Amino acid sequence: MKTVLVSLMAAATLPLFAQKDASIRIYPEQGNQQISKHIYGQFAEHLGTCIYGGLWVGPESEIPNTQGYRNDVLNALKDLQIPNLRWPGGCFADEYHWMDGIGPKENRPKMVNNNWGGTIEDNSFGTHEFLNLCELLGCEPYISANVGSGTVEEMAKWVEYMTSEGDSPMARLRRQNGRDKAWKVKFIGVGNESWGCGGSMRPEYYADLYRRYSTYCRNYDGNRLFKIASGASDYDYNWTETLMKNVGGRMDGLSLHYYTVTGWSGSKGSATDFNKDDYYWTMGKCLEIEDVVKKHIQIMDKYDPQKKIGLMVDEWGTWWDEEPGTINGHLYQQNTMRDAFVAALTLNVFHKYTDRVKMTNIAQIVNVLQSMILTNGPKMLLTPTYYVFQMYNVHQDATFLPMDLICDKAKVRDNREVPMVSASASKDKDGRIHISLANVDVDNTQNITLDLQGQKIKSVNGRILTSASINDHNTFEKPDVVKPATFNGAKIEKGQLKINLPAKSIVVLEVN
């Protein structure tokens with residue numbers, strides 16, 4: 001496959017809005033892997049205003065709400081077709097004691113959120129509030145349970161409380177608290193970041209703890225738990241090796257965390273004030289997740305060649321400095337077209353490894369890091385990342401279609417290489433083909449020839465997300481600066497698609 005390489009310096013000398021050529025060949029008859037809908041999972045931690053003020057305002061709030069959940073956020077999330085939601089953390093999970101968050105609100109003890117700003121929380125959002133929210137959204141709950149500071153008994157009783165239909169002690173307690181029927185809970189994480197905020201453990205020690213704790217995560221009354229072990233942070237391949245060797249088939253899934261971040265000490269850079277070089281570096285860093293995923297998969301394949309254990313990338317996304325004037329430790333950041341590209345490119349990568357990658361969860365859903373939604377009192381806005389997830393949800397549970405892609409690449413800072421076009425394709429149960437395309441190039445239009453290998457094309461339509469600047473973002477004063485529009489840049493010529501993909505744009509096509 002021939003690939004043309006260009007440097008950023010060379011690209012900068014080209015005329016603005018120059019034309020570049022790319023070609024894509026898709027193989028509709030070769031698709032044999034399903035893109036799990038759970039790759040589009042979300043994450044809600046007790047962090048900043050993600051829960052309180054973001055998802056939950058309480059039934060007495062003047063902000064319009066349903067049973068305490070704010071209506072504007074609830075409706076926006078329903079439109080997103082969320083497949084699963086992870087809660088209560090994150091680092092918070094290993095300091096959370098679930099019995100503090102049940103029963104009458106006035107009797108629930110307050111707690112200090114030691115990980116995130118020392119905020120005092122009143123536990124008014126607990127197990128009932130979370131699981132009822134999942135029912136309202138029609139999504140699977142993903143519970144992160146406390147291993148770091150909790151006990152085996154505590155975890156076992158929580159599972160019983162949520163899922164037992166019988167006359168068991170915890171089921172009776174649940175009924176006393178107003179919920180007769182047990183919830184269905186599929187996903188449970190046995191600890192979180194056990195190498196760090198979840199206990200600073202060695203992998204050998206955590207492997208033994210996982211074996212112990214997971215034993216007491218029982219399946220009650222037809223509810224079958226999918227047990228997820230606390231996995232590695234990005235490049236820690238030894239953690240994965242140790243768990244695969246010492247835990248193996250006792251786990252259904254193994255987590256992985258990867259953030260597009262400049263580093264963990266000092267400034268991470270502004271979410272909105274960045275230059276073109278910073279933008280291209282970000283694309284390179286986000287695409288490095290593919291190499292990381294591949295290396296973890298190789299280790300897992302050695303111990304589990306039948307791929308029975310899922311790789312769950314249950315934290316990923318961008319991490320910038322907090323917005324000036326916001327509370328330290330609440331991780332409130334804005335969300336620009338740059339973040340939208342990180343979402344699009346990362347999802348395109350995940351689609352390629354669905355034989356092993358069974359779930360991912362972007363961090364986080366509201367008001368924290370790379371969020372879908374921002375709120376400020378009664379105001380709400382949708383971010384560019386929200387619109388990527390909205391446009392891309394056509395890929396959920398569709399069949400992944402392999403492709404060949406030829407395009408220019410750019411040499412970027414830290415000796416990384418970034419293709420100027422990213423793409424993915426799938427076929428849904430009705431036979432419609434959806435193609436997601438991202439033109440990473442800030443300055444140049446991409447003229448793409450797309451060959452579907454003899455597939456007859458009757459019609460094509462699409463949506464586009466783009467803006468005048470990669471720094472553009474939505475604010476409460478101007479909430480519609482970045483939003484999707486109808487895309488008219490694709491046409492059918494001699495059985496192929498000819499696509500005029502504008503600079504810095506993300507497009508999803510539907511082909512019939």
Side-chain angles (χ1 to χ4, degrees), residues 35-47 50 80 82-94 96 115 130 134 137 139-148 185-199 203 206 210 213-214 217 225-236 239-240 243-244 247 251-261 286 289-290 292-293 296-297 300 309-319 331 342-343 346-347 349-351 353-354 356-366 368-372 385 389 396:
I35 299 170
S36 171
K37 66 181 179 180
H38 291 296
I39 284 174
Y40 288 80
Q42 298 287 335
F43 176 27
E45 182 169 5
H46 286 248
L47 201 174
C50 181
L80 216 51
I82 294 170
N84 68 76
L85 183 58
R86 182 173 180 243
W87 173 86
C91 292
F92 181 85
D94 282 286
Y96 181 65
N115 287 288
F130 171 68
C134 290
L137 293 175
C139 71
E140 297 272 12
Y142 174 7
I143 296 288
S144 281
N146 185 344
V147 170
V185 176
K186 181 175 182 179
F187 301 109
I188 186 162
V190 183
N192 167 77
E193 293 191 356
S194 298
W195 39 265
C197 64
Y206 171 74
Y210 174 88
Y213 275 65
S214 64
C217 293
L225 294 171
F226 186 102
K227 301 173 188 178
I228 301 169
S230 174
S233 175
D234 43 48
Y235 312 102
D236 186 355
W239 188 280
T240 296
L243 263 63
M244 291 301 298
V247 176
M251 57 186 171
D252 298 300
L254 177 61
S255 74
L256 172 66
H257 292 177
Y258 183 93
Y259 284 98
T260 297
V261 62
C286 101
I289 196 171
E290 180 165 14
V292 171
V293 164
H296 285 286
I297 288 174
M300 296 177 76
I309 302 168
L311 180 60
M312 327 296 272
V313 190
D314 59 15
E315 288 187 31
W316 66 274
T318 57
W319 195 318
L331 306 189
V342 170
T346 304
L347 290 169
V349 168
F350 290 151
H351 291 175
Y353 300 97
T354 50
R356 181 67 81 176
V357 177
K358 300 303 181 184
M359 175 194 285
T360 82
N361 302 78
I362 191 169
Q364 292 185 13
I365 197 166
V366 187
V368 174
L369 300 177
Q370 192 176 350
S371 56
M372 306 292 113
T385 297
F389 271 72
Q396 291 188 22

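Note: hydrogens, waters and symmetry copies are ignored here, and every other heavy atom, side chains too, is used. Here the structure is a predicted model, which is why all the values come from computation and not from measurement.
At least one donor-acceptor pair closer than 3.5 Å links the side chain of W195 to the backbone N or O of G231. A side-chain donor-acceptor contact under 3.5 Å links D94 to the backbone of V147. S255 places no side-chain N or O within donor-acceptor distance of the main-chain N or O of D314, the cut-off being under 3.5 Å. Within the 3.5 Å criterion, the main-chain N or O of I39 finds a donor-acceptor partner in the side chain of T360. When atom types are taken as modelled, the side chain of N192 and the backbone of A93 share no donor-acceptor pair closer than 3.5 angstrom. Judged by distance alone, with hydrogens and angles left aside, the side-chain atoms of N146 form a donor-acceptor pair with the main-chain N or O of Y96 at under 3.5 Å.
Counting heavy atoms from C-beta on, the side chains of C134 and C139 come closer than 4.5 Å. In this structure, D234 and Y259 have side chains that are not in contact, with every pair of non-hydrogen atoms separated by 4.5 Å or more. Looking only at side-chain heavy atoms (C-beta outward), T318 and V261 stay at 4.5 Å or farther from each other. No side-chain heavy atom of M251 sits less than 4.5 Å from a side-chain heavy atom of I228. A heavy-atom distance below 4.5 Å is not found between the side chains of F43 and L369. Within the 4.5 Å cutoff, no side-chain heavy atoms of Q364 are placed close to those of S371. Here the side chains of S36 and T354 are not in contact, with every heavy-atom distance at 4.5 Å or above. At least one side-chain heavy atom of K186 sits under 4.5 Å from a side-chain heavy atom of E140.
Judged purely by distance below 3.5 Å, without hydrogens or angles, the side chains of H257 and E193 pair a donor atom with an acceptor atom. A donor atom on one side chain and an acceptor atom on the other are not found under 3.5 Å apart for Y142 and N361. Defined by atom type and a distance below 3.5 Å, a donor-acceptor pair is present between the side-chain atoms of T385 and Q370. If you check the side chains of Y353 and E290, you find a donor sitting under 3.5 Å from an acceptor.
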Residue pair Y206, V190: steps toward the side chain to side chain contact (heavy atoms under 4.5 Å, CB included) verdict: CA-CA 10 Å; Y206 171 74; V190 183; 4.1 Å; yes

Test log, rule side chain to side chain contact (heavy atoms under 4.5 Å, CB included), inputs F350 and I289: CA-CA 9 Å; F350 290 151; I289 196 171; 3.8 Å; yes

Steps toward ring pair (Phe, Tyr, Trp, His ring centres under 6.0 Å) verdict (F92, W87): CA-CA 9 Å; F92 181 85; W87 173 86; 8.2 Å; no

Chi angles and distances behind the side chain to side chain contact (heavy atoms under 4.5 Å, CB included) call for V349, V293: CA-CA 9 Å; V349 168; V293 164; 5.6 Å; no

Criterion side chain to side chain contact (heavy atoms under 4.5 Å, CB included) on Q396 and I35, from CA distance to verdict: CA-CA 6 Å; Q396 291 188 22; I35 299 170; over 6 Å; no

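Atom CG of D236 sits about 7.0 Å away from atom NE2 of H296, to the nearest 0.5 Å. To the nearest 0.5 Å, atom OH of residue Y213 and atom OG of residue S230 are 13.0 Å apart. The line from CG of D252 to CG of L225 is 8.5 Å long, rounded to the nearest 0.5 Å. The CD atom of Q42 sits 10.0 Å away from atom CG of L137, with the distance rounded to the nearest 0.5 Å. Between atom CG of residue L256 and atom CH2 of residue W239 there is a gap of 12.5 Å, rounded to the nearest 0.5 Å. To the nearest 0.5 angstrom, N84 atom CG is 6.0 Å from F187 atom CZ.
Across all non-hydrogen atoms, the minimal contact from C286 to T346 is SG-OG1, 4.0 Å. The two residues Y40 and P83 make their nearest non-hydrogen contact at O-CD, 3.2 Å. Of all the heavy atoms in A44 and C50, the pair that sits closest is CA-SG, 3.8 Å. Pairing each heavy atom of V357 with each of V313, the nearest pair is CG1-CG2, 4.5 Å.
Using bins of under 30°, 30° to 60° and over 60° for the plane-to-plane angle, the ring pair F389/W316 lands in the parallel bin.
Between C197 and C91 the SG-SG gap is short of 2.5 angstrom.
Salt bridge absent: E45 and R86 never bring a charged side-chain N and a carboxylate O closer than 4.0 Å.
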